[in-house]
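Worksheet: one structure, shown below.
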Amino acid sequence: MDRMGEIELEKSIIKVFTYSFIVCFLTLLLIRERVENVQDTNGFYSPPVVTPYADYFLNIFRDSIKASIVVLIIFLIYKLVTKKLRNNVV
């Protein structure tokens with residue numbers, strides 16, 4: 001792979017990770033609730049527990065990083081497969 005190809009790959013990796021992180025973070029921010037209801041083994045629910053904002057945002061941040069890494073791995077597999085297919089056709 002030439003130097004220009006490596007630079008383009010690096011740019012696309014950074015873009016994919018950044019955009020997937022932003023989308024995941026905002027989606028989790030909209031979906032995830034701060035109030036949790038816990039059900040015990042007898043089927044009873046405990047009183048609602050409100051998660052502190054620090055824990056709430058750290059959990060969203062952590063899950064967004066995990067999702068972004070998964071998206072990045074899928075992107076790299078896609079790039080590898082398309083490169084092999086392109087080399088086989090030519």
Side-chain angles (χ1 to χ4, degrees):
M1 181 183 281
D2 61 339
R3 184 69 182 140
M4 289 303 291
E6 291 176 5
I7 291 173
E8 291 299 319
L9 183 63
E10 289 174 8
K11 284 182 181 179
S12 60
I13 287 173
I14 291 171
K15 283 181 184 180
V16 165
F17 189 81
T18 304
Y19 293 146
S20 65
F21 175 78
I22 291 170
V23 168
C24 290
F25 188 84
L26 293 176
T27 304
L28 286 172
L29 194 62
L30 291 173
I31 293 174
R32 185 166 292 173
E33 297 180 4
R34 283 186 58 219
V35 179
E36 296 179 13
N37 291 324
V38 180
Q39 185 177 12
D40 63 5
T41 56
N42 295 328
F44 296 109
Y45 286 96
S46 67
V49 178
V50 178
T51 307
Y53 276 113
D55 293 338
Y56 176 70
F57 284 114
L58 284 175
N59 287 336
I60 289 177
F61 183 78
R62 183 189 66 219
D63 293 343
S64 298
I65 292 289
K66 289 178 185 177
S68 298
I69 290 172
V70 169
V71 169
L72 187 62
I73 290 171
I74 292 170
F75 172 75
L76 291 174
I77 291 171
Y78 170 76
K79 281 293 199 180
L80 181 69
V81 168
T82 55
K83 180 181 176 185
K84 288 195 181 248
L85 289 175
R86 191 177 313 127
N87 288 341
N88 287 341
V89 171
V90 174

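Because the structure is predicted, anything quoted here is derived from the model rather than measured. Counting begins at 1 with the first residue of the sequence.
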| For Tyr45 and Gln39, which heavy atoms make the closest approach, and how far apart are they? | OH-OE1, 3.5 Å
| query | Hey, are the side chains of Tyr56 and Leu29 touching, using non-hydrogen atoms and a 4.5 Å cut-off? | reply | yes
| Should the pair Phe61 and Phe21 be assigned to parallel (<30°), tilted (30 to 60°) or perpendicular (>60°) ring geometry? | perpendicular
| query | For the atom pair CZ (Phe25) and CG (Leu30), what is the distance rounded to the nearest 0.5 Å? | reply | 10.5 Å
| message | Ignoring hydrogens, what is the shortest heavy-atom contact between Ser64 and Leu28? Give both atom names and the distance. | response | OG-CD1, 3.8 Å
| said: Measuring from atom OG1 of Thr27 to atom CD1 of Ile22, what distance do you get when rounded to the nearest 0.5 angstrom? | reply: 11.5 Å
| Linking I/L/V/M/F/W/Y whenever any side-chain heavy atoms sit under 4.5 Å apart, do Ile69 and Val16 land together? | yes
| task | Search all heavy atoms of Ser20 against all heavy atoms of Val71 and return the closest pair with its distance. | result | CB-CG1, 3.8 Å
| Which distance, rounded to the nearest 0.5 Å, do you find between the CD1 of Ile14 and the CG of Leu9? | 10.0 Å
| field | Gap separating the OG1 atom of Thr82 from the CG atom of Asn87, nearest 0.5 angstrom | value | 9.5 Å
| field | Rounded distance [0.5 Å steps], CG in Asn59 versus CZ in Arg32 | value | 6.0 Å
| request: Would you check if the side chain of Asp40 reaches a backbone N or O of Asn42 as a donor-acceptor pair within less than 3.5 Å? | output: yes
| note | Residues passing the salt bridge (charged side-chain N to carboxylate O under 4.0 Å, His left out) test with Arg62, sequence neighbours excluded, are none
| query | Any idea which heavy atoms bring Arg34 and Val50 closest together, and the distance? | reply | NH2-CG1, 3.1 Å
| Are Val49 and Ile60 linked, directly or through other ILVMFWY residues, by side chains that come within less than 4.5 angstrom of each other? | no
Enumerate donor-acceptor pairs with a distance under 3.5 Å from any side-chain N or O in residues 73-80 to protein atoms, sequence neighbours excluded.
none

